[in-house]
Amino acid sequence: MSPEVRVRFAPSPTGYLHIGGARTALFNWLFVHHHGGKLVLRIEDTDTKRNTEEAAAAIYDGLRWLGINWDEGPHLGGNFGPYFQSQRTEIYERYLKKLQDAGHIFEDQGALRFRSPREHVIVDDLVCGKIDFDLTNPGTHPDMTIRRPDGSWIFHFVNVIDDIEMKISHVIRGEDHLSNTPKHIELYKALGATPPNFAHIPLILNRDGSKMSKRDEGASIATYIEQGYAPEAVRNYLCLLGWSPKDNREKIDIEEVIKLFELEKINRRNAAFDLDKCFWLNGQYIAQMSLDRFVELARPFLEKAKIDTSNQKYTREVLAIVKEKIKLLKELPDWTSYFFIEDYEFDPEAVKKVFGNNPKAANRLKTLRDEFAKVDKWDWQTLESTLKSLAQKLGCKTGDLVHPARVAASGRSVGPSLYHMLEVMGKERVLKRFDRAIAQFGAR
RNA sequence: GGCGCGUUCGUCUAGUGGUUAGGACACGGCCCUCUCAAGGCCGGUGCACGGGUUCGACUCCCGUACGCGCUGCCA
């Protein structure tokens with residue numbers, strides 16, 4: 001018989017989702033999706049009884065954003081709840097009684113400790129292999145505390161109880177727990193339970209190898225949400241930390257990862273988090289995603305910047321031409337605001353560079369304006385050929401017309417392809433903008 | 001200190017006894033070009049060190065160094 005695959009992600013509610021936690025959750029999720037089974041989300045709030053829901057919200061948000069859905073847990077329930085440790089006291093009492101009756105527990109200054117059997121414990125880890133821990137020496141491996149004098153529970157105990165009660169088949173967690181595992185196995189044995197399979201995955205560190213803490217750049221998933229990363233890109237990057245498809249692919253969709261994912265192929269060495277590469281991968285995702293998806297991701301960022309997106313067709317056309325330029329969604333307002341308002345500001349640097357020391361620029365712009373006024377078919381191809389033939393006629397470089405036109409129409413020197421930009425803006429708007437610029441910069 | 005785990009370009013990685021040690025990010029150069037990007041091409045940088053084993057080690061074994069984790073009445 002092969003029992004159902006049941007895994008869990010068991011964070012404690014700290015108010016944010018750590019990138020390492022997210023990766024642990026992701027590997028659990030991948031494992032379940034590869035084999036079929038259930039992912040349980042369990043909130044380990046033994047220590048902090050207050051504000052659990054609030055502090056756990058960041059975890060829910062982060063997981064949902066990454067597309068990591070759970071099958072049992074908060075908001076969903078399930079047959080093995082409650083899914084908050086703070087609500088499971090009776091269960092823990094029951095198991096404690098069992099251990100006490102069997103003589104495994106002793107009191108020490110009001111706290112309760114588990115008496116170790118003092119044996120070697122073999123941890124047969126799916127990632128790390130067989131490891132022999134010698135727990136015979138009480139000096140180096142003291143009997144663990146399972147309950148404090150105030151009655152609150154210690155992680156090692158409740159974690160094991162919950163995994164037994166929730167019928168967890170595979171414990172996939174950070175390598176920081178590897179050394180705790182033999183202690184946990186002692187508990188399983190004392191309770192007559194079969195230990196689950198264990199898989200300890202490497203940790204995620206900073207670029208310099210130091211431990212990533214809350215303050216470090218990129219440590220919290222909230223950062224990626226705020227900066228405007230595409231969730232599928234961050235998820236892809238996370239997959240590549242400690243795991244690889246082994247065929248040099250970097251951008252690989254999640255369905256493919258699910259198909260290839262195996263715990264045995266996870267690396268054993270800690271990985272440094274490379275924000276540059278995550279950023280690059282995000283750019284790849286944005287460039288290659290559908291326009292529909294881009295529009296969907298862009299919406300909240302435009303709304304937040306109070307950009308009027310009521311003209312959906314126009315908004316979509318604008319987004320289509322800036323899509324290939326954007327690396328982070330938070331850049332969107334900067335790249336698009338001038339499409340939506342007429343009183344956009346002129347970047348002084350750009351004005352100076354284009355009109356400042358070249359009196360001809362405004363005149364050229366005027367000439368271009370008159371040529372454009374005659375254009376009937378207002379598309380980028382026509383605009384390009386019109387502009388280029390005018391440049392030839394005037395004996396100037398294409399850029400001599402392009403730059404003034406760009407500054408006139410957008411107020412800045414950087415932007416998407418000029419011709420596409422003008423096409424999207426439409427003839428009437430463009431001519432008006434040219435007129436405004438000619439009036440403003442031509443008379444000096 | 002003790003115990004455990006790890007060590008291939010700066011970073012993520014491929015590689016499991018015989019390879020010019022491959023890819024990607026980042027970096028530098030060139031090309032393309034209306035700006036900024038993107039893209040294309042080229043380039044440098046790596047098997048921690050020392051012993052074995054072997055005809056032959058990045059690859060196997062031992063040691064050293066370094067890193068990380070655990071060693072809590074944190075999780």
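Since we're looking at a predicted model, the values are computed, not measured. Reminder, nothing fancy here: chain letters follow the sequence lines and each chain counts from 1. Basis for what follows: all heavy atoms, side chains included, without hydrogens, waters or symmetry-related copies.
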task = Check for a donor-acceptor pair, side chain of A:K427 on one end and backbone N or O of A:V375 on the other, with a separation under 3.5 Å.
result = yes

task = Considering only atom P, compute the distance from B:rU11 to B:rA38 and round it to an integer number of Å.
result = 24 Å

key: Partner nucleotide, any strand, of B:rC47 [Watson-Crick/G-U, under 3.5 Å]   = none

key: Row check, A:F80 ring normal vs A:R6 NZ/CZ: under 6.0 Å, within 45°   = yes

query = Does any donor-acceptor pair link the side chain of A:T145 with the base of B:rG72 at a separation under 3.5 Å?
reply = no

query = Which base, if any, makes a Watson-Crick or G-U wobble pair with B:rC41, both distances under 3.5 Å?
reply = B:rG29

request  = Could you walk me through whether A:F441 and A:F346 pass the ring-ring contact (aromatic ring centres under 6.0 Å, His included) test, one step at a time?
outcome  = CA-CA 11 Å; A:F441 308 118; A:F346 288 94; 5.0 Å; yes

message = Measuring only between side-chain heavy atoms, which start at C-beta, is A:R269 closer than 4.5 Å to A:P202?
response = no

inquiry  = Between P on B:rC34 and CZ on A:R364, what's the gap in Å once rounded to a whole number?
reply    = 15 Å

inquiry  = Taking the side chain as everything from C-beta on, heavy atoms only, tell me whether A:R235 gets closer than 4.5 Å to A:L26.
reply    = yes

key: Interatomic distance where CG belongs to A:L178 and P belongs to B:rG69 [whole Å]   = 13 Å

task = Output yes when at least one side-chain N/O atom of A:S244 is less than 4.0 Å from OP1 or OP2 of B:rU13, else no.
result = no

query = Picking from B:rG69, B:rC3, B:rA75, which would you name as closest to the side chain of A:H141?
reply = B:rC3

ask   = Charged N to carboxylate O below 4.0 Å: is that the case for A:E72 and A:R8?
value = no

inquiry  = Taking the P atom in each of B:rC49 and B:rU8, what is the distance between them to the nearest angstrom?
reply    = 11 Å

query = Does the side chain of A:Q227 come within less than 4.5 Å of A:F279's, by heavy atoms?
reply = no

ask   = Can you name the one residue among A:E324, A:R293, A:K251 that meets side-chain hydrogen bond (donor to acceptor under 3.5 Å, both in side chains) with A:Q288?
value = A:K251

query = Whole Å only: how far is the CG atom of A:D134 from the P atom of B:rU71?
reply = 17 Å

request  = Can you tell me the distance, in whole Å, between the NZ atom of A:K246 and the C1' atom of B:rC12?
outcome  = 13 Å

query = What is the distance, rounded to the nearest whole Å, between atom CZ of A:F157 and atom P of B:rA75?
reply = 13 Å

request  = Determine which nucleotide pairs with B:rU53, using a 3.5 Å limit on both distances of a Watson-Crick or G-U wobble pair.
outcome  = none

note = From the candidates B:rC34, B:rA75, B:rA24, the one with an atom nearest any side-chain atom of A:K277 is B:rA24

query = Which one is paired to B:rA14, where only Watson-Crick or G-U wobble pairs with both distances under 3.5 angstrom count?
reply = none

P-based separation of B:rC41 from B:rG50 [nearest Å] = 38 Å

task = Counting heavy atoms from C-beta on, name the nucleotide in B:rA75, B:rA14, B:rC73 closest to the side chain of A:N267.
result = B:rA14

inquiry  = Taking only the P atom of each, what is the distance from B:rC31 to B:rG23 in whole angstrom?
reply    = 24 Å

key: Rounded distance (Å) that lies between atom P of B:rC25 and atom NZ of A:K251   = 14 Å

task = Answer with base, sugar-phosphate or nothing: what part of the nucleic acid does A:P416 contact at a heavy-atom distance below 4.0 Å?
result = base

Phosphate-side-chain proximity, A:R268 and B:rG6, N/O vs OP1/OP2 below 4.0 Å = yes

request  = Could you please spell out the steps behind the ring-ring contact (aromatic ring centres under 6.0 Å, His included) verdict for A:H34 and A:F27?
outcome  = CA-CA 10 Å; A:H34 180 91; A:F27 280 16; over 10 Å; no

message = I need the NE2-P distance between A:H200 and B:rG69, as an integer number of Å.
response = 15 Å

ask   = Out of B:rA75, B:rU13, B:rC68, which nucleotide sits closest to the side chain of A:A271?
value = B:rU13

ask   = If you round to the nearest 0.5 Å, how far is CD1 of A:I164 from OH of A:Y188?
value = 5.5 Å

key: Nearest listed nucleotide, side chain of A:W335, among B:rC36, B:rC34, B:rC73   = B:rC36

key: Nearest to side-chain heavy atoms of A:D276, which nucleotide of B:rC70, B:rG23, B:rA26   = B:rA26

query = For A:S12 and B:rC74, is the shortest distance between a side-chain N/O and OP1 or OP2 below 4.0 Å?
reply = no

Under-4.0 Å side-chain N/O to phosphate OP1/OP2 contact, A:R113 with B:rC73 = yes

key: B:rC36 phosphate, OP1 or OP2, under 4.0 Å from A:K325 side-chain N/O   = no

ask   = Side-chain donor or acceptor of A:N270 under 3.5 Å from a matching atom on the base of B:rG6?
value = no

remark   = Against the side chain of A:Q109, the closest entry in B:rC73, B:rA37, B:rA75 is B:rC73

task = Examine B:rG39: is either OP1 or OP2 under 4.0 Å from a nitrogen or oxygen in the side chain of A:Q284? Give yes or no.
result = yes

ask   = Which nucleotide in the set B:rC12, B:rA75, B:rC25 lies at the smallest distance from any side-chain heavy atom of A:W280?
value = B:rC25

key: Side chain of A:D274 (C-beta onward), nearest among B:rC73, B:rG10, B:rG69   = B:rG10

message = Between B:rC5 and B:rG44, how far apart are the two P atoms, rounded to whole Å?
response = 39 Å

task = Look at the side chain of A:S417 against the base of B:rC34 and say whether a donor-acceptor pair falls under 3.5 Å; ignore hydrogens and angles.
result = yes

message = Taking pairing as Watson-Crick or G-U wobble with both contacts under 3.5 Å, can you name the mate of B:rC3, or confirm there isn't one?
response = B:rG69

request  = Could you please name the option among B:rG10, B:rC3, B:rA75 that lies closest to any side-chain atom of A:H177?
outcome  = B:rA75

ask   = A:G110 near the nucleic acid: base, sugar-phosphate alone, or nothing, with a heavy-atom cut-off under 4.0 Å?
value = nothing

task = Look at all strands and tell whether A:I131 reaches a base, only sugar-phosphate, or nothing, counting heavy atoms closer than 4.0 Å.
result = sugar-phosphate

key: Short side-chain N/O contact to B:rC74 OP1/OP2 from A:R148, under 4.0 Å   = yes

key: Nearest-Å distance once atom P is located in both B:rC58 and B:rU53   = 16 Å

ask   = If we call it a pair only when both distances are under 3.5 Å in a Watson-Crick or G-U wobble match, what pairs with B:rC58?
value = none

ask   = Toward the 5' end of RNA chain B, which comes first, A:E324 or A:V402, by nearest nucleotide?
value = A:V402

inquiry  = I'd like the C1' distance from B:rA65 over to B:rG15, given in whole Å.
reply    = 25 Å

Spacing between A:D176 atom CG and B:rA75 atom P, to the nearest angstrom = 13 Å

Euclidean distance for C1', B:rU59 against B:rA14 (whole angstrom) = 13 Å

query = For RNA chain B, whose closest nucleotide is more 5', that of A:L203 or that of A:F133?
reply = A:F133

inquiry  = Would you say A:R249 places a side-chain N or O within less than 4.0 Å of OP1 or OP2 belonging to B:rA14?
reply    = no

